[in-house]
Amino acid sequence: MENPAALALASWAAPLPLGIAYSGGADSTALLHAAASRWPGQVQALHVHHGLQPAADDFEVHCRATCEALGVPLHVGHVDARHAPGESPEDAARRARYVTLAAVARVHGLGDIALAQHADDQVETMLIALSRGAGLDGLAGMPRQMQRHGVNFHRPLLEVQAVALREWIAQSGAAHIDDPSNADLRYTRNRIRLQLLPALAATLPQFRETFARSARNAAKASRLLAEVAASDSAAAGSPPALEALRSLPRGRLANVLRHWLKREHDAVPSEAQLEQLLDQIEACSTRGHRIRLKVADGYVQREGDILRWYNARPPSQPAALR
C-alpha cells in the first residue's frame, strides 16, 4: 500500500526547504516519511516538547531516533503549554504549539511548515465551530495555507482520511507514538473523534466529502465578505468615520466593524457586543451622543467624528469631543 501522504504531496508544489511539524504520532509520521522520500535533503523536522505529561521526554527520544533513521534533521522547541484558569487547555496548547513551531523554524532559516492535519481534523474543527455559533470564517474550517508568527503553515493532507493514514502505518510498520491524551474524553475534540464521528459515518457515510464541500463554499463566501469589508473600510478610513459607517446598511456595517476590529486590533466581538455597537452607531445622529462599549477585551469609544478601540479602559474625553 502506497503512503496516502505521498499521493497528496505528489500534486503539491511545496516551498523548499520545508519544515515538518512532527509529534511522533501516526499522522505526522506518515507525512514525515512521505516528505523525506520525496524531497531528500530538503526537509527538516520540528518537534514541540509540550511538557504536559511525563512521557514527553520519551516522545522526543522517539522522534530523534526516527529522524536519524530517515536522515532528517530534528529541531526541538520546549514550551510550557499549561492553560490559565478559565482557559481551554486545547486552545492554550494549540496556540503554544504554533508559536513554538514558528520560532524554531525561523531560527533554522525555514519560512514554511507542513502540518499533518487531515480530512477528519477538518470535520472536527467545523463541528467545534458549529458548537460555538461561529460565522463563515469558523465554518470554513482550516485553510490549506495561513501565515502566523512570520511563518507560512501548510496543510497538504486535508483531503486525506485518517483511516487511510492509519492503514498505511499498520501495513508499513512505521514506528510511531500513541499519545494517551488522545483517548482522554475530557477534551472536546477527543469526544468528537471517538464518539461523534463513528455515529456520523454510520448515518452519513459521505460526511467527510460533504463537509469538505461546505467548508470550501463557506471559505468562498468569507473571502467575498472580506473584499466587501476592505472596500467599505477604505471608504470609512482608519480609524473609521461615523458618517461613513452610518451610511452603510446594517449587514455591511456589521461586516466592516468585524473587519476593522480584527485587522487593526485582533479583537473579535461577541454577537451581543456587535449588536449593541450597531444599535449605538445607528442611534448616533447627534454630536453629543456618546459611545463607550465593552468589545472583546477592550472598549470602543466615540471620539468626535470617529470610533477608536482601546485594549484598556479608554480615557474620559471632554464633552465637546464625545
Side-chain angles (χ1 to χ4, degrees), residues 3-83 90-118 121 142-158 160 165 169 172 174-177 179 181-182 266:
N3 185 344
L7 295 175
L9 297 187
S11 60
W12 181 38
L16 300 173
L18 180 66
I20 304 293
Y22 177 48
S23 68
D27 305 330
S28 63
T29 295
L31 176 60
L32 181 64
H33 276 260
S37 175
R38 183 166 182 79
W39 302 297
Q42 300 186 79
V43 170
Q44 301 177 47
L46 310 175
H47 177 74
V48 177
H49 187 301
H50 286 96
L52 293 175
Q53 53 183 303
D57 290 340
D58 295 334
F59 294 169
E60 181 180 338
V61 170
H62 165 84
C63 291
R64 289 194 181 282
T66 298
C67 288
E68 184 176 350
L70 292 174
V72 173
L74 175 69
H75 311 300
V76 178
H78 291 254
V79 64
D80 183 350
R82 288 175 294 184
H83 63 287
E90 295 166 289
D91 291 344
R94 183 182 66 254
R95 286 194 297 271
R97 179 170 179 255
Y98 281 120
V99 168
T100 306
L101 285 171
V104 173
R106 292 196 306 269
V107 166
H108 294 280
L110 296 170
D112 296 270
I113 300 173
L115 304 169
Q117 290 158 332
H118 45 65
D121 292 320
M142 298 180 293
R144 290 188 65 86
Q145 179 179 340
M146 66 177 183
Q147 187 176 78
R148 189 173 290 183
H149 311 300
V151 171
N152 297 312
F153 288 89
H154 306 266
R155 297 183 175 96
L157 306 186
L158 280 184
V160 179
L165 295 170
I169 287 286
S172 68
H176 68 286
I177 295 167
D179 188 336
S181 69
N182 289 334
D266 199 26

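Because only heavy atoms are used, hydrogens play no part in the values below, and waters and symmetry mates are left out as well, while side chains stay in. Every value quoted in this text rests on a predicted model; they were computed, and no experiment measured them. Counting from 1, the numbers follow the sequence of the chain as shown.
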Next item on the list: Taking side chain to side chain donor-acceptor pair (under 3.5 Å) as the test, write out the residues that go with Arg144, two or more places apart.
Entry: Glu159

Check: Which heavy atom of Ser11 sits nearest a heavy atom of Ala8, and at what distance?
Finding: OG-O, 3.2 Å

Check: Ion pair present between Glu60 and Arg64, side-chain N to carboxylate O less than 4.0 angstrom?
Finding: yes

Note to self: Could you go through Thr29 and Tyr22, starting from their C-alpha distance and side-chain angles, then the distance that decides it, and tell me whether this counts as side-chain contact (heavy atoms from CB on, under 4.5 Å)?
What the structure shows: CA-CA 7 Å; Thr29 295; Tyr22 177 48; 3.6 Å; yes

Next item on the list: To the nearest 0.5 angstrom, please state how far the CD atom of Gln42 sits from the CG atom of Leu16.
Entry: 4.5 Å

Next item on the list: Rounded to the nearest 0.5 Å, what's the gap from CD1 on Ile177 to CG on Asn182? Could you check?
Entry: 10.5 Å

Next item on the list: Could you give me the CA-CA distance, side-chain angles and deciding distance for Leu165 and Ile169, then say whether side-chain contact (heavy atoms from CB on, under 4.5 Å) is met?
Entry: CA-CA 6 Å; Leu165 295 170; Ile169 287 286; 5.6 Å; no

Check: Can you find a heavy atom in the side chain of Ile20 that is under 4.5 Å from one in the side chain of Val72?
Finding: no

Next item on the list: State which residues pass side chain to side chain contact (heavy atoms under 4.5 Å, CB included) with Leu7; sequence neighbours excluded, sorted by chain then number.
Entry: Glu2

Next item on the list: Determine whether His47 and Cys67 make a side-chain contact, defined as any pair of heavy atoms from C-beta on separated by less than 4.5 Å.
Entry: no

Check: How many angstroms lie between CG in Leu46 and CG in Leu18, if you round to the nearest 0.5 Å?
Finding: 9.0 Å

Notebook entry, point to check: Looking at CZ of Arg148 and CG of Leu101, how far apart are the two atoms once the value is rounded to the nearest 0.5 Å?
Noted result: 11.0 Å

Item checked: Test side chain to side chain contact (heavy atoms under 4.5 Å, CB included) applied to Leu9 - qualifying residues, sequence neighbours left out -> Trp12, Leu31, Ala34, Ala35, Arg38, Trp39, Pro156

Next item on the list: Could you give me the CA-CA distance, side-chain angles and deciding distance for Asp57 and His49, then say whether side-chain contact (heavy atoms from CB on, under 4.5 Å) is met?
Entry: CA-CA 8 Å; Asp57 290 340; His49 187 301; 2.7 Å; yes

Notebook entry, point to check: Which distance, rounded to the nearest 0.5 Å, do you find between the CG of Leu70 and the NE2 of His33?
Noted result: 4.5 Å

Note to self: What verdict does the side-chain contact (heavy atoms from CB on, under 4.5 Å) test give for Leu115 and Tyr98, after you've listed the backbone C-alpha separation in whole Å, the side-chain angles of each residue and the deciding distance to 0.1 Å?
What the structure shows: CA-CA 10 Å; Leu115 304 169; Tyr98 281 120; 3.8 Å; yes

Item checked: Exceeds 12 heavy-atom contacts within 6.0 angstrom, atom CD of Gln147 -> yes

Margin query: Checking His75 against Gln44: is there a side-chain donor and acceptor pair closer than 3.5 Å?
Written below: yes

Check: NE2/His118 to CZ/Arg155 distance, rounded to the nearest 0.5 angstrom?
Finding: 12.0 Å

